[in-house]
2 protein chains.
Amino acid sequence: MGAASDPAGSAEVARRGRPGYDRRSLLDAAVAVFNDAGYDATSVAALAARLGLSKAAIYHHFSSKEQILETALGDALDGLEGVLVSARNAPPAERLATVLRGAVSVLVAQLPAVTLLLRVRGNSEVERRALDRRRAFDQAVTALVREGQEQGSVRADVDASVATRLLFGMVNSVVEWYRPGGAEDAEALARDVLAVALDGLRLR
Amino acid sequence: MGAASDPAGSAEVARRGRPGYDRRSLLDAAVAVFNDAGYDATSVAALAARLGLSKAAIYHHFSSKEQILETALGDALDGLEGVLVSARNAPPAERLATVLRGAVSVLVAQLPAVTLLLRVRGNSEVERRALDRRRAFDQAVTALVREGQEQGSVRADVDASVATRLLFGMVNSVVEWYRPGGAEDAEALARDVLAVALDGLRLR
DNA sequence: GTCTATAGACCGATAGAC
DNA sequence: GTCTATCGGTCTATAGAC
(Lines give C-alpha, C1' and ligand atoms only; values in the text may rest on other atoms or scores of the structure.)
Protein backbone atom coordinates (compact mmCIF):
# COMPACT_ATOMS: atom_id res chain seq x y z
CA MET A 1 0.00 0.00 0.00
CA GLY A 2 1.11 3.52 -0.83
CA ALA A 3 0.26 6.90 0.64
CA ALA A 4 -3.17 7.04 -1.01
CA SER A 5 -6.16 6.47 1.23
CA ASP A 6 -9.77 5.99 0.27
CA PRO A 7 -8.95 5.82 -3.43
CA ALA A 8 -12.52 5.69 -4.71
CA GLY A 9 -13.49 8.85 -2.84
CA SER A 10 -15.83 9.41 0.06
CA ALA A 11 -19.07 9.66 -1.95
CA GLU A 12 -18.97 5.90 -2.28
CA VAL A 13 -21.63 3.95 -4.16
CA ALA A 14 -22.03 0.17 -4.05
CA ARG A 15 -19.51 -1.34 -6.46
CA ARG A 16 -18.74 -4.95 -7.24
CA GLY A 17 -15.32 -6.46 -7.70
CA ARG A 18 -12.06 -5.81 -6.00
CA PRO A 19 -11.89 -2.50 -4.16
CA GLY A 20 -9.42 0.18 -5.19
CA TYR A 21 -9.36 2.91 -7.79
CA ASP A 22 -12.06 3.00 -10.43
CA ARG A 23 -11.58 5.02 -13.60
CA ARG A 24 -12.94 8.21 -12.07
CA SER A 25 -10.99 8.18 -8.84
CA LEU A 26 -7.82 7.22 -10.67
CA LEU A 27 -8.36 10.17 -13.02
CA ASP A 28 -8.77 12.61 -10.17
CA ALA A 29 -5.68 11.34 -8.39
CA ALA A 30 -3.61 11.38 -11.57
CA VAL A 31 -4.62 14.96 -12.41
CA ALA A 32 -3.54 16.04 -8.95
CA VAL A 33 -0.14 14.44 -9.45
CA PHE A 34 0.22 15.94 -12.93
CA ASN A 35 -0.48 19.38 -11.54
CA ASP A 36 2.07 18.87 -8.84
CA ALA A 37 5.07 18.26 -11.06
CA GLY A 38 3.80 18.85 -14.59
CA TYR A 39 2.40 16.33 -17.04
CA ASP A 40 5.59 15.79 -18.99
CA ALA A 41 7.77 15.56 -15.92
CA THR A 42 5.54 12.90 -14.37
CA SER A 43 6.40 9.42 -15.55
CA VAL A 44 3.81 6.67 -15.41
CA ALA A 45 6.10 4.88 -12.97
CA ALA A 46 6.20 7.95 -10.72
CA LEU A 47 2.44 8.32 -11.00
CA ALA A 48 1.95 4.69 -10.06
CA ALA A 49 4.26 5.06 -7.08
CA ARG A 50 2.40 8.16 -5.83
CA LEU A 51 -0.89 6.28 -6.12
CA GLY A 52 0.42 3.14 -4.47
CA LEU A 53 -0.16 1.09 -7.61
CA SER A 54 1.73 -0.70 -10.32
CA LYS A 55 1.91 0.75 -13.81
CA ALA A 56 -0.14 -2.15 -15.09
CA ALA A 57 -3.02 -1.17 -12.83
CA ILE A 58 -3.07 2.26 -14.42
CA TYR A 59 -3.10 0.77 -17.89
CA HIS A 60 -6.10 -1.27 -16.90
CA HIS A 61 -8.13 1.95 -16.55
CA PHE A 62 -6.59 3.99 -19.36
CA SER A 63 -4.99 2.88 -22.58
CA SER A 64 -2.22 5.46 -22.41
CA LYS A 65 -0.80 8.26 -20.30
CA GLU A 66 -2.12 10.66 -22.87
CA GLN A 67 -5.65 9.30 -22.59
CA ILE A 68 -5.65 10.38 -18.95
CA LEU A 69 -4.71 13.86 -20.05
CA GLU A 70 -7.29 13.88 -22.82
CA THR A 71 -10.10 12.90 -20.46
CA ALA A 72 -9.19 15.55 -17.91
CA LEU A 73 -8.89 18.27 -20.55
CA GLY A 74 -12.27 17.28 -21.97
CA ASP A 75 -13.88 17.65 -18.55
CA ALA A 76 -12.42 21.11 -18.08
CA LEU A 77 -13.45 22.29 -21.55
CA ASP A 78 -16.96 20.92 -21.17
CA GLY A 79 -17.32 22.96 -18.01
CA LEU A 80 -16.05 26.18 -19.56
CA GLU A 81 -18.14 25.85 -22.69
CA GLY A 82 -21.15 25.34 -20.48
CA VAL A 83 -20.97 28.86 -19.09
CA LEU A 84 -21.37 30.31 -22.57
CA VAL A 85 -24.70 28.58 -23.03
CA SER A 86 -26.06 29.71 -19.69
CA ALA A 87 -25.67 33.37 -20.57
CA ARG A 88 -28.14 33.95 -23.35
CA ASN A 89 -30.91 36.56 -23.56
CA ALA A 90 -29.49 39.51 -21.67
CA PRO A 91 -27.70 42.77 -22.50
CA PRO A 92 -24.02 42.21 -23.51
CA ALA A 93 -22.51 43.75 -20.38
CA GLU A 94 -24.66 41.59 -18.16
CA ARG A 95 -23.89 38.50 -20.21
CA LEU A 96 -20.19 39.26 -19.96
CA ALA A 97 -20.48 39.48 -16.19
CA THR A 98 -22.40 36.20 -16.14
CA VAL A 99 -19.74 34.49 -18.23
CA LEU A 100 -16.96 35.80 -16.00
CA ARG A 101 -18.77 34.68 -12.85
CA GLY A 102 -19.47 31.30 -14.45
CA ALA A 103 -15.86 30.89 -15.52
CA VAL A 104 -14.66 31.55 -11.98
CA SER A 105 -17.11 29.07 -10.57
CA VAL A 106 -16.17 26.33 -13.07
CA LEU A 107 -12.55 27.06 -12.39
CA VAL A 108 -13.05 26.59 -8.66
CA ALA A 109 -15.33 23.57 -8.98
CA GLN A 110 -12.99 21.79 -11.39
CA LEU A 111 -9.76 23.39 -10.25
CA PRO A 112 -7.39 20.47 -10.96
CA ALA A 113 -8.68 19.77 -14.48
CA VAL A 114 -8.74 23.44 -15.43
CA THR A 115 -5.25 23.91 -14.03
CA LEU A 116 -4.02 21.11 -16.24
CA LEU A 117 -5.80 22.66 -19.23
CA LEU A 118 -4.21 26.04 -18.72
CA ARG A 119 -0.73 24.53 -18.76
CA VAL A 120 -1.12 22.67 -22.02
CA ARG A 121 1.46 23.78 -24.59
CA GLY A 122 0.39 21.95 -27.74
CA ASN A 123 3.06 19.26 -27.64
CA SER A 124 0.83 16.57 -29.10
CA GLU A 125 -2.30 16.16 -31.17
CA VAL A 126 -4.38 15.82 -28.00
CA GLU A 127 -2.97 19.05 -26.61
CA ARG A 128 -3.47 20.90 -29.86
CA ARG A 129 -7.11 19.86 -30.01
CA ALA A 130 -7.60 21.16 -26.48
CA LEU A 131 -5.96 24.44 -27.45
CA ASP A 132 -8.32 24.71 -30.41
CA ARG A 133 -11.33 24.39 -28.14
CA ARG A 134 -9.87 26.97 -25.77
CA ARG A 135 -9.36 29.34 -28.66
CA ALA A 136 -12.97 28.93 -29.75
CA PHE A 137 -14.10 29.72 -26.20
CA ASP A 138 -11.94 32.85 -26.13
CA GLN A 139 -13.38 33.98 -29.45
CA ALA A 140 -16.91 33.63 -28.17
CA VAL A 141 -16.06 35.84 -25.22
CA THR A 142 -14.27 38.32 -27.46
CA ALA A 143 -17.46 38.62 -29.52
CA LEU A 144 -19.32 39.39 -26.31
CA VAL A 145 -16.83 42.12 -25.40
CA ARG A 146 -17.12 43.60 -28.87
CA GLU A 147 -20.90 43.68 -28.61
CA GLY A 148 -20.56 45.49 -25.31
CA GLN A 149 -18.29 48.06 -26.92
CA GLU A 150 -20.69 48.67 -29.79
CA GLN A 151 -23.53 48.98 -27.39
CA GLY A 152 -21.58 51.42 -25.20
CA SER A 153 -21.37 49.46 -21.94
CA VAL A 154 -17.74 48.39 -22.35
CA ARG A 155 -14.82 50.77 -22.83
CA ALA A 156 -13.86 50.96 -26.48
CA ASP A 157 -10.35 52.41 -26.17
CA VAL A 158 -8.94 48.92 -25.69
CA ASP A 159 -9.13 46.39 -28.52
CA ALA A 160 -11.75 43.72 -27.81
CA SER A 161 -9.38 40.80 -28.19
CA VAL A 162 -6.73 42.44 -26.02
CA ALA A 163 -9.36 43.20 -23.39
CA THR A 164 -10.57 39.61 -23.44
CA ARG A 165 -7.06 38.23 -23.10
CA LEU A 166 -6.35 40.50 -20.15
CA LEU A 167 -9.69 39.59 -18.59
CA PHE A 168 -9.10 35.88 -18.84
CA GLY A 169 -5.48 36.30 -17.91
CA MET A 170 -6.78 37.59 -14.60
CA VAL A 171 -9.49 34.95 -14.24
CA ASN A 172 -7.25 32.05 -15.21
CA SER A 173 -4.47 33.11 -12.89
CA VAL A 174 -6.72 32.10 -10.05
CA VAL A 175 -5.66 28.47 -10.52
CA GLU A 176 -2.16 29.45 -9.48
CA TRP A 177 -3.06 30.37 -5.94
CA TYR A 178 -6.71 29.77 -5.03
CA ARG A 179 -7.39 26.74 -2.87
CA PRO A 180 -10.94 25.79 -1.85
CA GLY A 181 -11.45 25.73 1.89
CA GLY A 182 -9.14 28.67 2.43
CA ALA A 183 -9.99 32.12 3.73
CA GLU A 184 -12.07 33.07 0.70
CA ASP A 185 -14.99 31.09 -0.67
CA ALA A 186 -15.91 30.81 -4.34
CA GLU A 187 -18.60 33.50 -4.23
CA ALA A 188 -16.30 36.02 -2.59
CA LEU A 189 -13.63 35.23 -5.14
CA ALA A 190 -16.04 35.74 -8.03
CA ARG A 191 -17.14 39.05 -6.52
CA ASP A 192 -13.51 40.23 -6.23
CA VAL A 193 -12.68 39.20 -9.78
CA LEU A 194 -15.74 40.98 -11.14
CA ALA A 195 -14.96 44.07 -9.09
CA VAL A 196 -11.37 44.40 -10.30
CA ALA A 197 -12.09 43.37 -13.90
CA LEU A 198 -15.10 45.61 -14.42
CA ASP A 199 -14.42 48.59 -12.15
CA GLY A 200 -10.66 48.48 -11.63
CA LEU A 201 -8.51 48.73 -8.57
CA ARG A 202 -8.34 52.47 -8.35
CA LEU A 203 -10.63 54.38 -6.03
CA ARG A 204 -12.01 57.66 -7.28
CA MET B 1 23.71 22.45 -40.15
CA GLY B 2 20.31 22.88 -38.61
CA ALA B 3 17.55 25.43 -39.13
CA ALA B 4 19.26 28.07 -37.00
CA SER B 5 20.95 30.92 -38.84
CA ASP B 6 23.17 33.66 -37.46
CA PRO B 7 23.59 31.88 -34.11
CA ALA B 8 25.29 34.73 -32.30
CA GLY B 9 22.47 37.15 -33.05
CA SER B 10 22.29 40.17 -35.35
CA ALA B 11 23.67 42.71 -32.87
CA GLU B 12 27.07 41.16 -33.41
CA VAL B 13 30.20 42.38 -31.68
CA ALA B 14 33.73 41.41 -32.67
CA ARG B 15 34.47 37.99 -31.18
CA ARG B 16 37.61 35.86 -31.34
CA GLY B 17 37.83 32.12 -31.82
CA ARG B 18 35.74 29.70 -33.79
CA PRO B 19 32.45 31.21 -34.97
CA GLY B 20 29.14 29.78 -33.79
CA TYR B 21 27.22 30.02 -30.55
CA ASP B 22 28.75 31.71 -27.56
CA ARG B 23 27.26 31.22 -24.11
CA ARG B 24 24.83 34.10 -24.51
CA SER B 25 23.45 33.23 -27.94
CA LEU B 26 23.18 29.58 -26.97
CA LEU B 27 21.21 30.60 -23.90
CA ASP B 28 18.79 32.71 -25.93
CA ALA B 29 18.25 29.97 -28.47
CA ALA B 30 17.78 27.34 -25.78
CA VAL B 31 15.21 29.44 -23.92
CA ALA B 32 13.24 29.86 -27.12
CA VAL B 33 13.19 26.11 -27.64
CA PHE B 34 12.25 25.47 -24.00
CA ASN B 35 9.31 27.86 -24.34
CA ASP B 36 8.19 26.16 -27.47
CA ALA B 37 7.67 22.71 -26.05
CA GLY B 38 8.27 23.11 -22.33
CA TYR B 39 11.50 22.66 -20.41
CA ASP B 40 10.81 19.13 -19.24
CA ALA B 41 9.55 17.98 -22.61
CA THR B 42 12.66 19.26 -24.38
CA SER B 43 15.49 16.74 -24.40
CA VAL B 44 19.08 17.88 -24.75
CA ALA B 45 19.20 15.88 -27.97
CA ALA B 46 16.14 17.73 -29.33
CA LEU B 47 17.64 21.04 -28.23
CA ALA B 48 20.93 20.22 -30.01
CA ALA B 49 19.07 19.21 -33.16
CA ARG B 50 17.05 22.45 -33.20
CA LEU B 51 20.24 24.46 -32.78
CA GLY B 52 22.17 22.52 -35.38
CA LEU B 53 24.72 21.39 -32.81
CA SER B 54 25.92 18.23 -31.18
CA LYS B 55 25.00 17.59 -27.57
CA ALA B 56 28.67 17.87 -26.70
CA ALA B 57 28.72 21.47 -27.95
CA ILE B 58 25.96 22.36 -25.52
CA TYR B 59 27.81 20.78 -22.64
CA HIS B 60 30.81 22.89 -23.57
CA HIS B 61 28.87 26.05 -22.68
CA PHE B 62 26.77 24.75 -19.81
CA SER B 63 27.48 21.99 -17.34
CA SER B 64 23.90 20.67 -17.35
CA LYS B 65 20.51 21.22 -18.87
CA GLU B 66 19.45 22.68 -15.55
CA GLN B 67 22.21 25.28 -15.55
CA ILE B 68 20.72 26.73 -18.73
CA LEU B 69 17.40 27.04 -16.94
CA GLU B 70 19.01 28.57 -13.87
CA THR B 71 20.77 31.25 -15.89
CA ALA B 72 17.64 32.23 -17.78
CA LEU B 73 15.52 32.39 -14.62
CA GLY B 74 18.14 34.58 -12.97
CA ASP B 75 17.99 37.05 -15.87
CA ALA B 76 14.22 37.30 -15.67
CA LEU B 77 14.19 37.78 -11.91
CA ASP B 78 16.91 40.42 -12.05
CA GLY B 79 14.74 42.37 -14.48
CA LEU B 80 11.60 42.16 -12.38
CA GLU B 81 13.33 43.07 -9.15
CA GLY B 82 14.75 46.10 -10.92
CA VAL B 83 11.33 47.69 -11.39
CA LEU B 84 10.79 47.77 -7.62
CA VAL B 85 13.85 49.93 -7.10
CA SER B 86 12.90 52.42 -9.79
CA ALA B 87 9.63 53.32 -8.10
CA ARG B 88 10.66 55.06 -4.89
CA ASN B 89 9.64 58.49 -3.60
CA ALA B 90 6.10 58.88 -4.89
CA PRO B 91 2.54 58.38 -3.56
CA PRO B 92 1.60 54.67 -3.31
CA ALA B 93 -0.93 54.72 -6.15
CA GLU B 94 1.58 56.30 -8.49
CA ARG B 95 4.30 53.89 -7.41
CA LEU B 96 1.95 50.99 -8.06
CA ALA B 97 1.27 52.28 -11.55
CA THR B 98 5.02 52.68 -12.12
CA VAL B 99 5.68 49.13 -10.97
CA LEU B 100 2.94 47.76 -13.23
CA ARG B 101 4.23 49.70 -16.21
CA GLY B 102 7.76 48.57 -15.42
CA ALA B 103 6.68 44.95 -15.09
CA VAL B 104 5.00 45.05 -18.48
CA SER B 105 8.08 46.58 -20.05
CA VAL B 106 10.46 44.00 -18.51
CA LEU B 107 8.09 41.31 -19.57
CA VAL B 108 8.14 42.49 -23.15
CA ALA B 109 11.86 43.20 -23.24
CA GLN B 110 12.77 39.81 -21.77
CA LEU B 111 9.76 37.91 -22.99
CA PRO B 112 11.39 34.49 -23.43
CA ALA B 113 13.14 34.42 -20.06
CA VAL B 114 10.08 35.71 -18.19
CA THR B 115 7.89 33.19 -20.00
CA LEU B 116 10.15 30.41 -18.80
CA LEU B 117 10.07 31.83 -15.27
CA LEU B 118 6.30 31.92 -15.15
CA ARG B 119 6.08 28.25 -16.06
CA VAL B 120 8.41 27.01 -13.37
CA ARG B 121 6.69 24.52 -11.07
CA GLY B 122 9.29 23.89 -8.36
CA ASN B 123 10.43 20.49 -9.59
CA SER B 124 14.03 20.98 -8.53
CA GLU B 125 16.15 23.01 -6.14
CA VAL B 126 16.86 25.51 -8.92
CA GLU B 127 13.17 25.95 -9.65
CA ARG B 128 12.30 26.32 -5.98
CA ARG B 129 14.88 29.05 -5.51
CA ALA B 130 13.38 30.91 -8.46
CA LEU B 131 9.90 30.56 -6.97
CA ASP B 132 11.20 31.98 -3.68
CA ARG B 133 12.47 35.09 -5.44
CA ARG B 134 9.16 35.46 -7.28
CA ARG B 135 7.29 35.24 -4.01
CA ALA B 136 9.44 37.97 -2.49
CA PHE B 137 8.67 40.19 -5.47
CA ASP B 138 4.94 39.57 -5.09
CA GLN B 139 5.11 40.44 -1.42
CA ALA B 140 6.79 43.74 -2.15
CA VAL B 141 3.98 44.63 -4.55
CA THR B 142 1.36 43.48 -2.07
CA ALA B 143 2.85 45.89 0.47
CA LEU B 144 2.46 48.66 -2.10
CA VAL B 145 -1.19 47.80 -2.68
CA ARG B 146 -1.82 47.76 1.06
CA GLU B 147 -0.25 51.21 1.43
CA GLY B 148 -2.52 52.45 -1.33
CA GLN B 149 -5.54 51.08 0.49
CA GLU B 150 -4.57 52.72 3.78
CA GLN B 151 -3.94 55.97 2.01
CA GLY B 152 -7.31 55.77 0.21
CA SER B 153 -6.21 55.62 -3.41
CA VAL B 154 -6.82 51.89 -3.87
CA ARG B 155 -10.17 50.17 -3.29
CA ALA B 156 -10.16 48.47 0.11
CA ASP B 157 -13.04 46.05 -0.36
CA VAL B 158 -10.67 43.52 -1.93
CA ASP B 159 -7.90 41.97 0.15
CA ALA B 160 -4.50 43.38 -0.77
CA SER B 161 -2.93 40.02 -1.52
CA VAL B 162 -5.91 38.90 -3.60
CA ALA B 163 -5.82 42.17 -5.52
CA THR B 164 -2.10 41.80 -6.16
CA ARG B 165 -2.51 38.25 -7.40
CA LEU B 166 -5.28 39.29 -9.77
CA LEU B 167 -3.24 42.25 -10.94
CA PHE B 168 -0.18 40.17 -11.74
CA GLY B 169 -2.33 37.40 -13.10
CA MET B 170 -3.41 39.89 -15.72
CA VAL B 171 0.07 41.31 -16.29
CA ASN B 172 1.79 37.93 -16.46
CA SER B 173 -0.78 36.48 -18.84
CA VAL B 174 0.68 38.79 -21.46
CA VAL B 175 3.49 36.29 -22.10
CA GLU B 176 0.89 33.85 -23.38
CA TRP B 177 -0.05 35.92 -26.40
CA TYR B 178 1.94 39.13 -26.82
CA ARG B 179 4.57 39.04 -29.56
CA PRO B 180 6.81 42.06 -30.22
CA GLY B 181 6.49 43.40 -33.72
CA GLY B 182 2.76 42.70 -33.86
CA ALA B 183 -0.09 45.14 -34.10
CA GLU B 184 0.48 46.60 -30.62
CA ASP B 185 3.76 48.04 -29.37
CA ALA B 186 5.00 47.81 -25.79
CA GLU B 187 3.80 51.28 -24.78
CA ALA B 188 0.29 50.69 -26.06
CA LEU B 189 0.21 47.36 -24.24
CA ALA B 190 1.30 48.95 -20.98
CA ARG B 191 -1.38 51.62 -21.41
CA ASP B 192 -4.07 48.99 -21.97
CA VAL B 193 -2.98 46.94 -18.97
CA LEU B 194 -2.97 50.00 -16.74
CA ALA B 195 -6.36 51.07 -18.05
CA VAL B 196 -8.08 47.75 -17.38
CA ALA B 197 -6.27 47.03 -14.10
CA LEU B 198 -6.83 50.45 -12.55
CA ASP B 199 -10.13 51.63 -14.07
CA GLY B 200 -11.79 48.41 -15.21
CA LEU B 201 -13.47 47.40 -18.40
CA ARG B 202 -16.89 48.80 -17.67
CA LEU B 203 -17.94 52.15 -19.08
CA ARG B 204 -20.03 54.37 -16.88
C1' DG C 1 -18.06 -18.04 -11.29
C1' DT C 2 -17.91 -13.47 -12.58
C1' DC C 3 -16.37 -9.04 -12.25
C1' DT C 4 -13.02 -5.50 -11.16
C1' DA C 5 -8.62 -4.03 -9.89
C1' DT C 6 -4.06 -5.50 -9.35
C1' DA C 7 1.11 -7.21 -9.64
C1' DG C 8 5.61 -8.37 -11.75
C1' DA C 9 8.56 -9.38 -15.46
C1' DC C 10 9.64 -7.58 -19.49
C1' DC C 11 10.04 -4.89 -24.20
C1' DG C 12 12.14 -1.47 -27.58
C1' DA C 13 13.19 3.27 -27.51
C1' DT C 14 15.19 7.25 -25.78
C1' DA C 15 16.61 10.14 -21.93
C1' DG C 16 20.68 12.93 -19.78
C1' DA C 17 25.47 12.74 -19.34
C1' DC C 18 30.24 12.52 -20.81
C1' DG D 1 29.54 7.74 -30.23
C1' DT D 2 28.55 5.39 -25.94
C1' DC D 3 27.22 4.69 -21.38
C1' DT D 4 23.34 3.54 -17.94
C1' DA D 5 18.82 4.68 -16.29
C1' DT D 6 14.41 5.31 -17.27
C1' DC D 7 10.71 6.15 -20.47
C1' DG D 8 5.75 4.62 -22.07
C1' DG D 9 3.65 0.47 -22.78
C1' DT D 10 2.55 -4.97 -22.97
C1' DC D 11 1.73 -9.64 -21.44
C1' DT D 12 0.13 -13.02 -18.36
C1' DA D 13 -1.62 -14.31 -14.27
C1' DT D 14 -4.15 -13.46 -9.84
C1' DA D 15 -6.52 -11.38 -5.57
C1' DG D 16 -10.64 -10.09 -3.58
C1' DA D 17 -15.84 -8.64 -3.39
C1' DC D 18 -20.38 -10.13 -4.86
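Here is the naming used below: chain letters follow the sequence lines, and residue numbers restart at 1 for every chain. Values reported hereafter were calculated over all heavy atoms of this structure, with side chains retained and with hydrogens, waters and symmetry mates removed.
Regarding A:D22, its CG atom lies at a distance of 14 Å from the C1' atom of C:dC3, rounded to whole Å. For the pair B:Y39 OH and C:dG16 P, the interatomic distance rounds to 9 Å; values are reported in whole Å. One atom, NE2 of B:H61, and another, P of C:dA17, lie 17 Å apart when rounded to the nearest Å. Taking atom CG of A:L53 as the reference point, atom C1' of C:dT4 lies 13 Å away to the nearest angstrom. In this structure, the CG atom of B:D40 is 14 Å from the C1' atom of D:dC7, given to the nearest Å. Rounded to an integer number of Å, the gap from A:I68 CD1 to D:dG9 P is 9 Å. Taking atom CG of residue A:L26 and atom P of nucleotide C:dT4, one finds them 16 Å apart after rounding to whole Å. To the nearest angstrom, P of C:dA15 lies 18 Å from CD of B:E66.
For A:S63 and A:A46, each mapped to the nucleotide of DNA chain D holding its nearest heavy atom, the one lying further toward the 5' end belongs to A:A46.
Residues satisfying the side-chain contact (heavy atoms from CB on, under 4.5 Å) criterion with B:R146, sequence neighbours excluded, are B:T142, B:Q149, B:E150, B:A160. Scored by the side-chain contact (heavy atoms from CB on, under 4.5 Å) test, B:Q139 finds no partners at all (sequence neighbours excluded).
Using a 4.5 Å heavy-atom cutoff, the side chains of B:D157 and A:D192 are not in contact.
With hydrogens and angles disregarded, no donor-acceptor distance shorter than 3.5 Å links the side chain of A:K55 to the backbone of A:A46. Formation of a donor-acceptor pair under 3.5 Å by the A:D36 side chain with backbone atoms of A:A32 is not found in this model.
Nearest to the side chain of B:S64, among C:dA17, C:dA7, D:dG9, sits C:dA17. With D:dG8, C:dA7, C:dG16 as the candidates, the nucleotide lying closest to the side chain of A:A56 is C:dA7. When distances are taken from the side chain of A:H60 to each of D:dC7, D:dG9, C:dT4, the shortest belongs to C:dT4.
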Which atom pairs link the protein and nucleotides 10-14 of chain C when you take only N or O atoms and keep those under 3.5 Å?
none

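In this structure, B:S54 reaches neither bases nor backbone, as no heavy-atom distance under 4.0 Å exists between it and the strands shown.
OP1 and OP2 of C:dC18 both lie 4.0 Å or more from every side-chain N or O belonging to B:Y59.
Geometrically, A:K65 engages A:Y39 in a cation-pi contact defined by less than 6.0 Å to the ring centre and at most 45° from the axis.
Look at B:E176 and A:R165 and you find no salt bridge, because none of the NZ, NE, NH1 or NH2 atoms lies under 4.0 Å from a carboxylate O.
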